[in-house]
Structure formats: C-alpha cells, structure tokens
Asks: 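Attaching a single structure in structure tokens format; questions to follow.
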Amino acid sequence: YQPIVDLQSEKPVMFETLLRLADEKNRMVLPPDFMPAAKQFDLLKDIDDSVLMASIRKHAQLQSHGKMLTLSINLTDTAFRNENFMHQFM
C-alpha cells in the first residue's frame, strides 16, 4: 500500500493499493509484465477478488487503529464488466 501524503501536514491522507509480484529471485515484477499472462490464463477475476479482499482487510485494520483514511483500489476492466462483482463483497 502506497501512502498518499498531504504536502502541508506531511501525513498520509489515503493509501493506494498497488499490485506487485516477486519473481524467483525476489525482484519486483510490475503489472505490465504479468497482467497479459494473467489475462491469457483467465486469472483476472481471481486477481481482482484477491486485491479487493486484501484491501478491505487492510482498510478495516487501519480503521481499528483509529485511522480514518481513504483507500484507492485499482481493478481490471473485467471487474467492472461483471454485474455481480461488487455484490459478492457486500
């Protein structure tokens, strides 16, 4: 989770969920390098579900510590084409 910091207060005001993978040598792999394969193997829905659930858990954890922050989550277009996507999390 990448903090988005207010320039005046220098305090985090929100977090952005960023998806990264580690390769076999523990090097960071960015989405443009792995998302085409994920799409090819029909894994986008599973990735979106996992990212959203992990983000919701992180947001709840932050709130339980009294931090009222906004969380920005980037999802694939597959999630937005699925009419039932958000209903499964409510």
Asks: Working to the nearest 0.5 Å, report the span between CG of Leu18 and CD of Gln2.
Replies: 5.0 Å
Asks: As an exercise, state the distance from NE2 of His59 to CZ of Phe15, rounded to the nearest 0.5 Å.
Replies: 10.0 Å
Asks: Quick check: closest heavy atoms across Pro31 and Pro36, and the distance to 0.1 Å?
Replies: O-CD, 4.0 Å
Asks: To the nearest 0.5 angstrom, please state how far the NZ atom of Lys39 sits from the CZ atom of Phe34.
Replies: 14.5 Å
Asks: Donor-acceptor pair, Ser50 side chain versus Asp46 backbone, under 3.5 Å?
Replies: no
Asks: If hydrophobic clusters are built by linking Ile, Leu, Val, Met, Phe, Trp and Tyr wherever their side-chain heavy atoms come under 4.5 Å apart, do Ile4 and Leu62 end up in the same one?
Replies: no
Asks: Assigning hydrophobic clusters by single linkage (Ile, Leu, Val, Met, Phe, Trp, Tyr; side-chain heavy-atom cutoff under 4.5 Å), is Leu52 placed with Met14?
Replies: no
Asks: Quick check: closest heavy atoms across Thr17 and Ser55, and the distance to 0.1 Å?
Replies: OG1-OG, 2.9 Å
Asks: Does any non-hydrogen side-chain atom of Met35 lie less than 4.5 Å from one of Ile47?
Replies: yes
Asks: Quick check for you: to the nearest 0.5 Å, what is the distance between Leu19 atom CG and Ile73 atom CD1?
Replies: 12.0 Å
Asks: Could you name each residue pair satisfying salt bridge (charged side-chain N to carboxylate O under 4.0 Å, His left out) that touches residues 2-21, not counting sequence neighbours?
Replies: none
Asks: In chain order, what residues pass the side chain to side chain contact (heavy atoms under 4.5 Å, CB included) check against Asp42, with sequence neighbours excluded?
Replies: none
Asks: Give, for atom CG of Leu43 and atom CG of Asp49, the distance between the pair rounded to the nearest 0.5 Å.
Replies: 11.5 Å
Asks: Give the minimum heavy-atom separation between Asn74 and Val51, together with the two atoms involved.
Replies: O-CG1, 4.4 Å
Asks: Give a yes or no on whether the backbone of Leu75 and the side-chain of Asp48 come within a donor-acceptor separation of less than 3.5 Å.
Replies: no
Asks: Mind running side-chain contact (heavy atoms from CB on, under 4.5 Å) on Val13 and Thr70 for me, showing each step along the way?
Replies: CA-CA 7 Å; Val13 292; Thr70 300; over 6 Å; no
